[in-house]
Structure formats: structure tokens, C-alpha cells
> 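Pasting a structure here, questions to come.
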Amino acid sequence: MVMRLAGLLMLALLTCATPARADWMQRTEAIMGTRCYVELWADDPERGNEAIDAVMAELRRIDNLMSHYKPESQLSQINQYANERPVEVDKELFDLIKVSTHYSQITEGAFDITYASVGYLYDYPNHVHPTEAQIRAKLPAVNWRNMLLDEAHHTVRFEHPGMRIDLGGIGKGYAVDRGIEILKSRGVTRALVTAGGDSRIIGDRMGRPWLVAIRHPDNPNKVVTRIPLADSAVSTSGDYERFFDEDGVRYHHIIDPHTGHSASKVRSATILAPTATQTDGMSKTAFVLGPEKALEIINRMPEYDAVFVLPDGQVLYSNGLRPPAPRAPGAPAAATEARSARP
Ligand code: ADP
Ligand code: MG
């Protein structure tokens, strides 16, 4: 018996003494009404787990602040009272609303969080869309310029009756950036954080780039193209994410603020830039303005690149991503295989 105990003790000591094995760790959770995913390289599994916990907690915190589904969130308070009076909110939420107006400016109004004044009339899971008369009645409330933002007091006031806002088009990108900041502050040097269509990568996959797949709009198993990425953010918006079809019309979750209808000038838009707030903020542009106008805007901004899948299946690339000229026979291929950011 004593021998057995001594043996067990020895085994326990040996287990403790064995250095924890460095490895990739990953976890998926449902937060912000979507799939959130963290993958990182951890020297120590316990610290890796704690880092993933911290990112997931941050995503939940941001959701509680900004969700329009939660009546107690500060965003819901704005929607409830900003038609009557200025509503004071945390600096963090105020700043993100302000950032959203920057994207309204550079996208000529294609990105507009007041789209929600009409957007709330759509209910995709239940196949509900507004009538033309309903859209006409609510459309005048869609205009980001009618949001009065008071920098000194962090208040938001709507200057038009019937206005609503929704951060569904930028909140996930912002949350991903916050998650990445947390990982960096914990010394993580290789990781991916994804929330819905928004991802950001730090580092690479041990000397090789991540390969981010852009799916075919009608076939989730078919890949249109793959982009090698390291130290970058990427967002894809698609008309196949939240939608229903009726009488040959696709009603989906990206709304043209000028018409109140689903914006259908492209099938999907992928944007690359250093941060996920940037890529999320820009990924709706081509749907509303069309691919040519959107490319013109993207090509003017050196930090950004884009890939658009058009209704006829054509794929358009921004200047920084144009496929290289055909390889000379025998020349080596450029990118090596890694993992898709949206497996
Ligand atoms: P995901 O939620 O998967 O990241 P997107 O980045 O494509 O998807 O964002 C789509 C969301 O953006 C919609 O569900 C809606 O909340 C919001 N949205 C729709 N149209 C607009 C618009 N014109 N401007 C700003 N936000 C929009
Ligand atoms: Mg997004």
C-alpha cells in the first residue's frame, strides 16, 4: 500500500514537473447573436484559457452595452429617449457612434447607423418586410446628420422624429479589436479573433500566413478565392447571411439608407485593413454604392483593400490585391497553405 502511495505521489510530482506543452488553442461561443471564435498560440494552456476567457468576457460586455435586443443596454436607452432629450452614455459608446459618422462621411452615406429607423421593420427569420408606404413614412428619419453628438457631455440627441440607431454594422468589428488588444496586453503574439463576419489576426501561423477563404455566395462549401494574411483585419459582408427570398426578390440585412431596401449591387464584399472597426465600417459600401464607386473610394485609401463578388459571379479586386501576372513555367507558387479564418 505504502509502495502504491509513493508511486502515485511520484507520478503526481512528475506530472507537475513536466513543462506545459505550447500549442494552438481554440474556442467558439455564441455572443452578439453570432458565432465568436478565438484561436491563439499558447505557451501555457492555463494562461491560454484565461486569455480566451478574457476575450469572450469582453465581447459579452460590449454586447451588453450596445445590443439593441437588450432593453437595458445604453444603446436601447438612446433609441427610447433621444427623440425627447439628449441621452448621456459612456464615453466608449459615444466614441463608437462618432466613429460611425466618420464611415458615413467617407462612404457618402452608404454606412449609416440610422438605417435602423427603417431597418427595424424587417424581420428576416419570420420573412417580414415593410410595404412601400411604410418605407416612405420612415425613410426621412434615416440620416446620420440628424444625430446631434455633444462631445463635452457624451450625449446623443435625435433631431428628427422616429429615428433609431443600430451598431450591428460596426459593433462586431470594434469588439474584435478590443479582443485583440486584450490578447496583445497578455503577451499573445499569434491569434485570430472572429465575431460573425469580422476577424482580426495578430502574427502569422508559424512563419506562414493565414489563408482567409471567401466563400461562394450561393454555396458555402465552394471557395471563390483565398487571401493570405498576417497582422491584419478582414470583414466579409454577404447577402446570404440573414435573408429570405420572396417573389424573386432577396430581402437581406444590408439596407440602402437612400431607399430603405436591401442593397444588392454586389453579392459579397470583403475588406482588408489594419483594424476590424475599419473593415466592418467599410464592408457595406459596395452593396449600396456599387463596386466601381466603392473601389474608387478604397483605392484612394492606402490602408484598405477589397474583394467584391458581383451578381454575375465576376470577382473584382482593389489595386493592392490584383492577382499577379501568370507565372513563368517552373516558377514557384507564392502562398503556402495555412488555415481559413472562417472554417
Ligand atoms: P455581420 O453582422 O455578420 O458582421 P455585416 O458586417 O455585413 O454582418 O453587417 C450587417 C449589419 O449591419 C446588419 O445586420 C445591420 O445591423 C447593419 N446595417 C445594415 N445596413 C446598414 C447600413 N447601410 N449602414 C450601417 N449598418 C448597416
Ligand atoms: Mg460585420
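Because the structure is a prediction, the values reported are computed rather than measured. We count ligands from 1, going down the list as the structure has it; atoms in each ligand are counted the same way.
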> Test side chain to side chain contact (heavy atoms under 4.5 Å, CB included) on Tyr174 and Leu167 and set out the steps.
CA-CA 10 Å; Tyr174 171 74; Leu167 292 171; over 6 Å; no

> What angle, in degrees and rounded to 10°, do you get at the Mg ion (ligand 2) when you join it to OD1 of Asp198 and to OD1 of Asp280?
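Between OD1 of Asp198 and OD1 of Asp280, at the Mg ion (ligand 2), the angle is about 70°.
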
> Could you say whether the N/O atoms of Ile255 and ligand 1 ever approach to under 3.5 Å?
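Ile255 vs ligand 1: N/O contact under 3.5 Å present.
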
> With a 4.5 Å limit on heavy-atom distance, are the side chains of Ile165 and His68 in contact?
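When only atoms from C-beta onward are counted, His68 and Ile165 do not touch, as no gap falls below 4.5 Å.
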
> So if I count the atoms of ligand 1 from 1 in the order they appear, which ones are less than 4.0 Å from some heavy atom of Arg242?
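Numbered from 1, ligand 1 contributes 14 (O).
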
> Is Arg47 salt-bridged to Glu50, cutoff N-O under 4.0 Å?
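Not counted as a salt bridge, because no side-chain N and carboxylate O are separated by less than 4.0 Å.
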
> Going by heavy atoms, is Pro257 under 4.0 Å from ligand 1?
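The answer is yes, since Pro257 has a heavy atom less than 4.0 Å from ligand 1.
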
> For ligand 1, is any non-hydrogen atom under 4.0 Å from Lys284's backbone (N, CA, C, O), its side chain (CB onward), both, or neither?
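Lys284 to ligand 1: side-chain contact only, backbone stays beyond 4.0 Å.
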
> Measure the spacing between CZ of Phe243 and OH of Tyr122 and express it to the nearest 0.5 Å.
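Here the rounded value is 15.5 Å.
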
> Between Lys172 and Asp198, does any side-chain N to carboxylate O distance fall below 4.0 Å?
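Answer for the salt bridge query: no.
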
> For His127, look at atom NE2 and say whether over 12 heavy atoms of other residues, nucleotides or ligands are found less than 6.0 Å away.
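Yes, the 6.0 Å shell around NE2 holds more than 12 heavy atoms from other groups.
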
> Less than 3.5 Å between some nitrogen or oxygen of Ser237 and one of ligand 1, yes or no?
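Checking ligand 1 against Ser237, an N or O pair does fall under 3.5 Å apart.
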
> If you count the atoms of ligand 1 from 1 in the order shown, which ones are under 4.0 Å from a heavy atom of Ala110?
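Under 4.0 Å from Ala110, ligand 1 has these atoms: 22 (C), 23 (N), 24 (N).
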
> Looking at Thr194, Val193, Thr275, which one forms a side chain to side chain contact (heavy atoms under 4.5 Å, CB included) with Val176?
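Filter result, single survivor: Val193.
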
> Can a salt bridge be assigned to the pair Arg178 and Glu181 using a cut-off of 4.0 Å between side-chain N and carboxylate O?
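Judged by the 4.0 Å cut-off on N to carboxylate O distance, Arg178 and Glu181 do not form a salt bridge.
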
> With heavy-atom distances below 4.0 Å as the criterion, list the atoms of ligand 1 near Asp198.
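With Asp198 as reference, the close atoms of ligand 1 come out as 4 (O).
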
> Considering distance alone, does some N or O of Asp256 sit under 3.5 Å from an N or O of ligand 1?
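Checking ligand 1 against Asp256, no N or O pair falls under 3.5 Å apart.
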
> Identify, by atom number and element, the atoms of ligand 1 in contact range of Lys172, meaning under 4.0 Å from any of its heavy atoms.
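Result: 1 (P), 2 (O), 4 (O).
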
> Just jot down the ligand 1 atoms closer than 4.0 angstrom to any heavy atom of Ile254, in number order.
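This gives 7 (O), 19 (C), 20 (N) as the contact atoms.
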
> Pick one of side chain, backbone, both or neither for how Asp166 approaches ligand 1, counting any non-hydrogen atom pair under 4.0 Å.
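Looking at Asp166 and ligand 1, just side chain atoms fall under 4.0 Å.
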
> Give the numbers and elements of all ligand 1 atoms closer than 4.0 Å to a heavy atom of Asp280.
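Result: 6 (O).
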
> Looking at Asp218 and Arg267, is any side-chain nitrogen of the basic one under 4.0 Å from a carboxylate oxygen of the acidic one?
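Salt bridge flag = yes for Asp218 with Arg267.
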
> Which one of Tyr122, Phe111, Tyr115, Tyr103 has a non-hydrogen atom at the shortest distance from atom 27 (C) of ligand 1?
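Looking at heavy atoms only, Tyr115 sits closest to atom 27 (C) of ligand 1.
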
> Tell me whether ligand 1 is touched by Glu241 - counting only heavy atoms on the residue side and a distance under 4.0 Å.
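In this structure, Glu241 fails to qualify as a contact of ligand 1 - no heavy atom is under 4.0 Å.
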
> Could an N or O of ligand 1 be found under 3.5 Å from any N or O of Val288, whether backbone or side chain?
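Min N/O separation from ligand 1 is not below 3.5 Å for Val288.
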
> Taking a cutoff of less than 4.0 Å between a non-hydrogen atom of the residue and any ligand atom, is Ala263 in contact with ligand 1?
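Flag not set, Ala263 not near ligand 1.
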
> Think Arg242 forms a cation-pi with Tyr124, using NZ or CZ under 6.0 Å from the six-ring centre and within 45 degrees of its axis?
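No - Arg242 does not lie over the ring of Tyr124 by the 6.0 Å and 45° rule.
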
> Does CD in Glu46 sit with more than 12 non-hydrogen atoms of other residues, nucleotides or ligands closer than 6.0 Å?
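12 or below, so no.
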
